[in-house]
Structures are given as C-alpha cells and as structure tokens.
J.: 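Can you read through this structure? Questions will come right after.
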Amino acid sequence: MPPATATLAALPYALPPCANARTILFAMRRMGAHGLGDARAAHALFTAFGASFRRPLTLLRSLMADLAASSAVPIAIAPCCCARMTPGEQALLTILARVEANPAQAALLLGDLIGQRRVDGVLASAAAVAMAFADEGRPVCAVRGAIV
C-alpha cells in the first residue's frame, strides 16, 4: 500500500459535494478507462436522468472524445473507486461548473488542462454538457477547493 503522502500527491482533491458533479466524474472515469461505449457510464446517466439520459450521455461522450483528440498532454484520471480526485478531474469539473457563467475563465482553465491555446471546440463541448445537465434540473455545482 502506498504511503498517504504519495496518495495525497496523486489525488489531492476530495470528491465534490455536488451529486451531479459526482455523476459526471463517475461517467468520465468509466469512459476514460473502458471506452466511450461503457455500459456502466450509460447506466449511471440513465439512473440520474431517467428517460432523458440520451442527450447528456451523447454530449459527455463527445466531450471525452474531444478531450482525447485535442489534448497535447495526458489527463490523469483515477479509478472509479477512488474517494479523491486528480488535478485534471478537478479542473474539468471546475470548467463544467463555470463555463456558462464565466466562459473566459473556463477557457483559460481548459487551455491549461489540455496544453493548447485554441480550445474553442472543446469548450463548446463542455458548455453543451453543462447545459444538458442544467436543462434537466441537474446543474454542475461549483467544486470545493476549485482553481481560481
């Protein structure tokens, strides 16, 4: 078992208190580890949204594909069972929470996350995911300890 300091260095952030952010985190981790067609990620969104799960699921899949295609640097994700978050996961949830209210700040965070200056396409995907969750009454709340 790794020492606690090594774990805290790799996973410095606690899970978000927002259930909607935790749903996205779970689905992101499943898709990142098992592919965009992961059934457990789809089931998590089906459980959260009921019959209107298709739009959030499709948009989250698109966001994950855009991140994979556009990122110049690896984005670390933790296994689904981890009770803490990597800096990349925390940054992505912060972007989703802020993209509607403060798109300029979200764009800067996204640029840092993916190591690219031009983030318009990925930012549009993130905004679509955030809007899909908000439209169904499940907005992504601000992440505690978020990057400013």
J.: Hey, does the side chain of Thr86 reach the backbone of Ala76 with a donor-acceptor pair shorter than 3.5 angstrom?
T.: yes
J.: Can you give me the closest heavy-atom contact between Val122 and Leu63, atom names plus distance?
T.: O-CD1, 3.9 Å
J.: What I'd like to find out is whether the side chain of Arg98 reaches to under 4.5 Å of the side chain of Leu109, using heavy atoms alone.
T.: yes
J.: Looking only at heavy atoms, what is the nearest atom pair of Arg40 and Phe26, with distance?
T.: O-CE2, 3.7 Å
J.: Report the distance from atom CE of Met28 to atom CG of Leu92, rounding to the nearest 0.5 Å.
T.: 4.5 Å
J.: Donor-acceptor check, side chain of Asp38 to backbone of Met31, threshold 3.5 angstrom: yes or no?
T.: no
J.: Given 3.5 Å as the limit, does a donor-acceptor pair link the side chain of Arg22 with the main chain of Leu15, or not?
T.: no
J.: Pro16 versus Cys141: any side-chain heavy-atom pair under 4.5 Å?
T.: no
J.: Ignoring hydrogens, what is the shortest heavy-atom contact between Cys82 and Arg29? Give both atom names and the distance.
T.: O-NH1, 3.1 Å
J.: Between Leu96 and Ala126, what is the shortest heavy-atom contact and its length?
T.: CD2-O, 3.3 Å
J.: Are Leu123 and Leu93 connected in a single hydrophobic cluster, I mean Ile/Leu/Val/Met/Phe/Trp/Tyr linked by side-chain heavy atoms less than 4.5 Å apart?
T.: yes
J.: State, with a plain yes or no, whether a side-chain heavy atom of Ile114 is found less than 4.5 Å away from one of Val73.
T.: no
J.: With rounding to the nearest 0.5 Å, note down the distance linking CG in Leu113 to OG in Ser70.
T.: 11.0 Å
J.: Once rounded to the nearest 0.5 Å, what's the spacing between atom OG1 of Thr23 and atom CZ of Phe49?
T.: 7.0 Å
J.: Taking side chain as C-beta onward, heavy atoms only, is Arg55 less than 4.5 Å from Met131?
T.: yes
J.: Does the side chain of Leu11 reach to within under 4.5 Å of the side chain of Met85, using non-hydrogen atoms?
T.: no
J.: If you define the side chain from C-beta out and look only at heavy atoms, does anything of Leu25 sit under 4.5 Å from Glu89?
T.: yes
J.: Which heavy atom in Ala42 sits nearest to a heavy atom in Arg61, and how many Å separate them?
T.: CB-NH2, 4.2 Å
J.: Which pair of heavy atoms, one from Ala127 and one from Val99, lies closest together, and at what distance?
T.: CA-CG1, 3.7 Å
J.: Can you find a pair of side-chain heavy atoms, one from Ser71 and one from Ile75, that are under 4.5 Å apart?
T.: yes
J.: What's the separation between atom CG in Leu67 and atom CD1 in Ile77, rounded to the nearest 0.5 Å?
T.: 11.0 Å
J.: Between Arg138 and Phe133 (side chain of the first, backbone of the second, donor and acceptor by atom type, cut-off under 3.5 Å), is there such a pair?
T.: no
J.: Please tell me if the side chains of Leu59 and Ser125 come closer than 4.5 Å, counting only heavy atoms from C-beta onward.
T.: no
